[in-house]
Every structure is written in structure tokens, then in C-alpha cells.
Amino acid sequence: MGHRVLDVRAAANRYAAQLQQCFRPDCVASYTLARTVHANMKTSGFRPRGHIINRLIDIYCKSSNLVYARHLFDDIPEPDVVARTTLIAAYSASGEILLARKTFDDTPMSIRDCVIYNALITGYSHNNDGHNAVKLFREMKLHGLKPDEFSFTSALGALASIAEWECQCQQFHCAAVKSGTSNITSVSNALLSVYVKCASSPMESSSTLMNSARRLFDEMNRRDELTWTTMIAGFVRNSDLEGARECLDQMDVKLGVSWNAMISGYVHHGRSEEALELFRKMHSLEIYMDEFALTSAISACANAGLLEHGKQIHAYALKTEKNPSPDFSLSVNNALITLYYRFGNIHLARKVFDRMPERDHISWNAVLSGYASSGQIEEARAFFAEMPERSLLAWTVIISALAQNGSGEEALKLFNQMRLEGFDPCDYTFAGAITSCAVLGSHEHGRQLHGQIMKLGHDTSLSVGNALITMYARCGTVDDSYNVFLTIPYIDSISWNAMIAAFGQHGQGSRAVDLFEEMLRADIVPDRITFLTVLSACGHAGLVDEGRRYFNSMQIFGISPGEDHYARLVDLLCRAGKFQEAKDVIDSMPSVPGPPIWEAFLAGCRIHNNMDLGVQAAEKLLELIPQHDGTYVLLSNIYANAGKWKEVAEVRKLMRERGVKKEPGCSWIEVESMVHVFLVDDSAHPEVKEVYNYLEQLVIKMKKLGYMPDTKFVLHEMESQEHKERALSTHSEKLAVVYGLMKLPQGATVRVFKNLRICGDCHNAFKFMSRVVGREIVVRDGKRFHHFRNEECSCGNFW
DNA sequence: ATAGGGTTAG
């Protein structure tokens, strides 16, 4: 009997020693070893109990074999508090906070100790449930347990994630001092961390809290690497990069994370050069660079425009990836995707994405943004469809991308679908939807959205404001644009640009110029876009001298004119008939004039019926881009106006031979919204009638030539008439209506928005259109339907 | 048996 007890004891000691061996850095090896030891126990009939079974459970937990650990646990008749704590910690680490809680609740009060509380507090802290962590901290005191340094560190860690800090961090500080744990480094570190995190919260007064942190730091009698690192991160969070750098430089032994915190600080504040310099220093000191260092360095390259450096880091990352941890690739690869797509190399970005062993929503969003920002709308659409889960961001990106690429209808459809799927649009999403309305010229829809935006309080958003300015301008109510411009609290150069463009598009050149001058007086620095906008505004309003002057003033603002600026100047001069001067400008260009220049020149020739120069320009253009449909149209217009019908036919033949495709059709919603614009502007501009008369003859002429007119044709025909300039700036939408109606399917109904009445002039307009289209047009006005056919008009009640 | 630091997308 006594022998057997001794045998068992000896075996227990042997197994305990063997299990001790399992604790090695790599979990895999310890797990296999533990299984072997466990198997040996079974074969020799040894029943593990007490600390042996706890050890086993611990090893299984630490090697992510939770299920196995649970089986063992369930076999114990009365698991002690140690086994329970192990399990709670394991559940917490794998995010199973409810199971952790259940295990805790199953534990009898009598055996609960400080450690089991600590384990669950940590669990809540790791699972971002600060409230429950703090609640549990209080409960343990109520149960008569004295919180130790672990309790304080965990609870303080949790505190950083909740909002009502201001009183709590002081309270905790006092409690820690009272309990005598405050001079323990881990507690002070956690406290420091809470202070600096609170300081960076917008709700707190940052300087006070930062001072508390500093005082605590100075009073600490022992500081470890984490203390310094916390201070570095704290300074970085509060935008004091110099303070952070001082800390880093004072550290004798720098942790990897100390470098990382500093580097990411530099990246975050746009100081990419300094970030890369530190990164290089790390490299030369042969400090191991983990995925965070690599990620920050790569995004520094992306921000600083250093593609080659980024590629080098990529190569380095691949080299050191011999022993990849599962999430190594994730953040580094995400940064790489961003790097490549920002340089327009979406193919490389996609390659990185395709090779990733695992992807998160950031990877998906980055590639989607890559397609979107490079205008590859087809790819973006397909990619969006493939996405396993779509965040609000993904929706926003695809909606804005579609809108900016002219697919307003599809963008709005997606916007509605998104809301049906329960997403609440953010201001960026609304901006995308508003842009869609702008693209469609859908005034009513745009106004409805504006209403919703105001209700939800997004109307102070800059991006929404800028989108609204453009939308109202495109929909013909430039005064609404100006109202928005005056109302949004913060405006940037994009707002100014949008507003100047709005005036320009409406032929209000002098208002555009005035606003530009006001912008300069307000010390807003104009950018390339500003000048493009101002130059085209001058062009539409015939302000030749001003345009020339602004063009020459660009250098003062440190902007060298690009080809697009030259194109605007050429356009301006040619519209005014100053062909010689335009030619001189083209000759003075620093680069070889490309398509935009000749397009502007050709358009000018078209207006002034200058056939010789026009044909020259068109030849140059067709050499450069033989597939551009606009050139053929313009050229045939020039010939047609000179009565050279044979040449017109030749141009059209050439076009067919080369397979030049026609522009895409007009969709239903576009028609709907344009009719709206048409009706609004119609009453405001009585001279429209004159335009109709001309159009009517024009269409007849075109049909004689054997083809259906399209928008561009109509527009350019207009320009050759007396009222060309005015017409171009104010009537283009109305002409687009004609175009839209021509593309209407047979029997389609045009809906008119109910706050409009169909009155005299509109009747005439629709009558005219039905003649153009050569068939009946049905217009719905509230409940009433109007039928317009050739000459007469009939009216009836629908119900 | 339990604790504290850092990162990427519009």
C-alpha cells in the first residue's frame, strides 16, 4: 500500500517534469510533446489530478487546442480555481467572452480569488468591453477581495476604451495609491497609458491630462522600456513629435514598438522623410522589423511618392518572410496595395491582393478604391460584386466612382439598395449620391436628398457642400449653389473651384471672375483646377483679355501651365476668332501639343466656319487619336456648313471603316431629369423658342443627310448661329433633352415632377419634340397624362 | 492561473 502511494507520487513528479519541458516558445512542439506525455499517462494507468491536470489544460489552451482542454476540464469532478482561471483566460484570448463569463459564473463564490477576477477583467478589456471590466473590478472589492497590481493594470487597460474618463482616471489613480500598487511599474504604465489616451480625446482638455501624465512619469521611481514607449505613443497621439523623439533618443534599449510608435507618428503627420530615416536607422542597427514597422515604412513611401523605395521594402519583406506569422502578410500587404494603387499601378496592387493568404475588409476596400480612383469602372463594378461583405466604405466608394464616371443612374440604384440593406449613409455617401444627381441633372431628386441631409445634420459637411454646389449648378439653379456656398461653415479650395465653375457654366463669366478675385483677397491659394475653371469661365463669357491675363499670372502662384491650361487658352482665343494668336500660343508650348489642344482649335474653327484651319486641325487629331468620334462629327459639321456634302459622306464612310463606336445611349432617368431642367429653364428664358425653330430646321436637314442627330451634332450646329455663345452656356441641357427624347423607346412615358405645371411654352416644346422624334410623346403631370403628337395635343384624365 | 506598448482603407 505504502509502495503504491510512493509509486504514484514518483510518477506524478516525473510527469510534472515532462510537462515542464512543454513550455517552449513554439506552441506546436509543446502541444505534440504534451500529447505524448498525456498518452503515456493513459497507458500506464496514471490518472492526472490536481496541478498535473491543470498543467495539461494550460498547455492545451496555450497551443490553441481549446476543445481538447475543455474535454479534460469536463472530466474533472470538481475543477479548482486554477483550472477555471486557465480556461477563462483561454476563452478570453480567443474572443469567446461569453464562454469565459459562463465559466466564471459557474465558479462557487467561496473559491473565487483575486486571480480569477483578474483573468475575466482582462478578458473584457481585450474584447473592448470596458464597462464590464470596470464593473467586475468594483464587484471584486464588494466580495472583500483586495485588487492587486494585476487587477489595476487590467482595469486601467479597459478604461482606455470607454468615454467617461475624466473622473475615472483620477479615481483609479487615487485607488492605486491607496492600495499601495501605484509604485509598481506595470500599474504606473497602465495609468500613463490612460492619461495620454484621454489627452488625445476631443472631449478632454489635453494639456491638463498630458501634464498629469508627465508628472506621473517624473515621479516614477522605476521606468522600463514600456514606460518610455507609452510616453512616445502619448506624445505622438497629442501631435508633439519633438517630445516623442526626445523620449526615443533618451532610451538606452529601444523596443521594436518604440521605433514603430515614432515612425507611425511621422507617417501620420505627413513627415515621411523622417519616418524613412528612422526606418533606415533601424535597418543599419539590425533591429528586427516586424510587420508594423514595414507597414509604416511602406505607407511612408506611398505618401512621399517614393515608389522605388517602397518596392525595395517589398523585396526586403519577402526576403524576411521565411517564417511568416499568419497576420504578417495582412497589414504589410494592405500597405503594399495602397502603395501600388496610389501610383496608378493597379495591376501590381491586384497581384499582391491575389497572392494574399488571407484578406480583410481593408484589403478589399483598398483594391476597390484602386479601381475606382484610376477610373477603371468595369473592374470596380465586378470587384464590388465579388466582395464577401460590403462595408459602408465600400458602398461609398463604388457609388462615388460610378457617379464620377457618369453612371449616375446605377449609382443611385446602389444608393437605394444600400439603404435597403440597412446601412446609414455617411456624409461621403451622400456626397456620392448628390454627385449622381448632378451627373443626371436630376434636380428634384437632388433637392430631396438635400432635405434628408439637413435632417440628419450632414449639411455642415464639406464634401456634401461641395457636391451640392456642383449639383445645383448642373441642374440649372446656380443661385442654390451660391446659397450652399455661403452656408457651409468650412470651405476649401474645392468649394471655391466648384462655385467659380458654377458661374462659368451658366455664362456668368463676370461673377466667376469676381469670385476668383475674392478668393485671392481671402488668401486662398489657387491651384491648377482653379485656373482651369477660371479660364473656361472666361471662355464662355468671351472675356479674352481677362483670360489671357490670368493665364500669364499662373507662374506667380508657382503653377506652370499644363496642356489642359493651354487647351483652355487656345479655346478662349479661337472662340474669339483670334486664330493667329492661338497658333502662336501653340508654338510657344514647352511640349508637343496633344489632342486637347487640337480639339479646342478645331472647335473654334467650327464656330467660325474656318474650313481650312479646321481641316488641318482635324487631320492632326485623327493622326493622334483615330478612334475619337468627336473629331469626325466636328469635321463633318465643318464640311456640311460649307455645303461640301461629298466630303461629309467621306468622313462618315471613314468613321464606319475604322469602326468608331457611337457614344452610349441615354437612359430613362436622364431623360426624366432633363425634362425637368428643360421645363424650369424654359419659363426663365423666352428666347428658347428661337432655338427650337432653328433646331427644327436643323433636324430636317440632318435627316435629309440620312442620319439621326446626336447631342454633339446639335450643340455644334447651335454654335454656328448668331446666339452661339449664349446658347452653349445656357441651353446645353435643353438640347440634351431633345437628344434624350429621341432615344426614348416607343411608348415610353415622360414623367414631369408634380410641382411643375405644363403650360403654354412647354406644350409647344413637347409638340416640337414629338415632331423631331417622329412619334407620340406621353408626359405625366401628377395624375394627368398629356399626349403629344405631331401638331395637336390631347389631354385626358388617367384615373 | 492573471497585466501594460504599435498598424493599414475613403
Side-chain angles (χ1 to χ4, degrees), chain A residues 51 54-55 57-58 61-62 80-90 92-93 113-123 125-126 148-158 160 181 184-194 196-197 224-234 236-237 255-265 267-268 290-299 302 327 330-339 341-342 360-370 372-373 391-401 426-429 431-432 463:
Chain A
H51 73 278
N54 288 347
R55 245 306 143 61
I57 293 175
D58 191 26
C61 283
K62 293 223 167 71
D80 65 5
V81 69
V82 175
R84 293 170 192 273
T85 308
T86 309
L87 208 59
I88 289 175
S92 302
D113 64 358
C114 181
V115 182
I116 199 168
Y117 271 96
N118 291 349
L120 192 57
I121 292 175
T122 309
S125 164
H126 283 177
D148 63 359
E149 68 262 36
F150 287 91
S151 327
F152 273 101
T153 353
S154 309
L156 283 166
T181 55
I184 292 169
T185 318
S186 71
V187 176
S188 317
N189 284 350
L191 217 93
L192 264 188
S193 168
V194 178
V196 298
K197 274 188 187 153
D224 62 7
E225 293 86 4
L226 288 184
T227 318
W228 289 96
T229 308
T230 308
M231 283 311 278
I232 295 176
V236 165
R237 276 171 167 278
L255 297 177
V257 280
S258 327
W259 294 90
N260 291 354
M262 193 67 237
I263 293 178
S264 82
V267 173
H268 230 84
D290 63 2
E291 72 257 40
F292 290 107
L294 290 170
T295 307
S296 298
I298 293 169
S299 50
D327 55 357
L330 195 58
S331 66
V332 174
N333 283 328
N334 284 347
L336 280 171
I337 294 176
T338 315
L339 171 78
Y341 97 67
R342 283 223 194 130
D360 63 0
H361 66 116
I362 293 174
S363 332
W364 285 91
N365 287 343
V367 174
L368 180 70
S369 314
S373 64
S391 59
L392 177 62
L393 175 85
W395 284 101
T396 307
V397 170
I398 192 74
I399 289 170
S400 313
C426 68
D427 51 345
Y428 287 107
T429 328
S463 45

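Chain naming here is simple, since letters A, B, ... match the order of the sequence lines and numbering starts at 1 in each.
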| message | So A:D224, base contact, sugar-phosphate only, or nothing? Heavy-atom distance under 4.0 Å. | response | base

| request: Please work out if A:H51 contacts a base, only the sugar-phosphate, or nothing of the nucleic acid, heavy-atom cut-off 4.0 Å. | output: nothing

| query | Within the structure shown, what part of the strands sits under 4.0 Å from A:D113 by heavy-atom distance: base, sugar-phosphate, or nothing? | reply | base

| Separation of B:dG6 P from A:E225 CD (nearest whole Å) | 16 Å

| task | Go through B:dA9, B:dT2, B:dT8 for me and flag the one nearest to the A:L393 side chain. | result | B:dA9

| request: Could you please name the option among B:dT7, B:dA9, B:dG5 that lies closest to any side-chain atom of A:F292? | output: B:dT7

| message | Below the 4.0 Å mark, does B:dT7 have OP1 or OP2 next to a side-chain nitrogen or oxygen of A:S264? | response | yes

| said: At less than 4.0 Å, is any side-chain N or O atom of A:H268 found next to OP1 or OP2 of B:dT7? Yes or no. | reply: no

| query | How would you label the contact of A:S186 with the nucleic acid (heavy atoms, under 4.0 Å): base, sugar-phosphate, or nothing? | reply | base

| task | Check the side chains of A:S331 and A:N334 for a donor-acceptor pair under 3.5 angstrom, ignoring hydrogens and angles. | result | no

| task | Would you indicate, yes or no, if B:dT2 has its OP1 or OP2 atom less than 4.0 angstrom from a side-chain nitrogen or oxygen of A:H126? | result | no

| Is there a donor N/O on one and an acceptor N/O on the other, under 3.5 Å, for the side chain of A:T85 and the base of B:dA1? | yes

| request: Please state how far atom CD in A:E149 lies from atom P in B:dA3, giving the value in whole angstrom units. | output: 12 Å

| task | Determine the minimum heavy-atom distance between A:V397 and A:A372, stating which atoms define it. | result | CG1-CB, 3.7 Å

| task | Would you state whether a donor and an acceptor, one from the side chain of A:D290 and one from the base of B:dG6, lie under 3.5 Å apart? | result | yes

| message | Categorize A:L255 for me: base, sugar-phosphate, or nothing, with a 4.0 angstrom heavy-atom threshold over every strand shown. | response | base

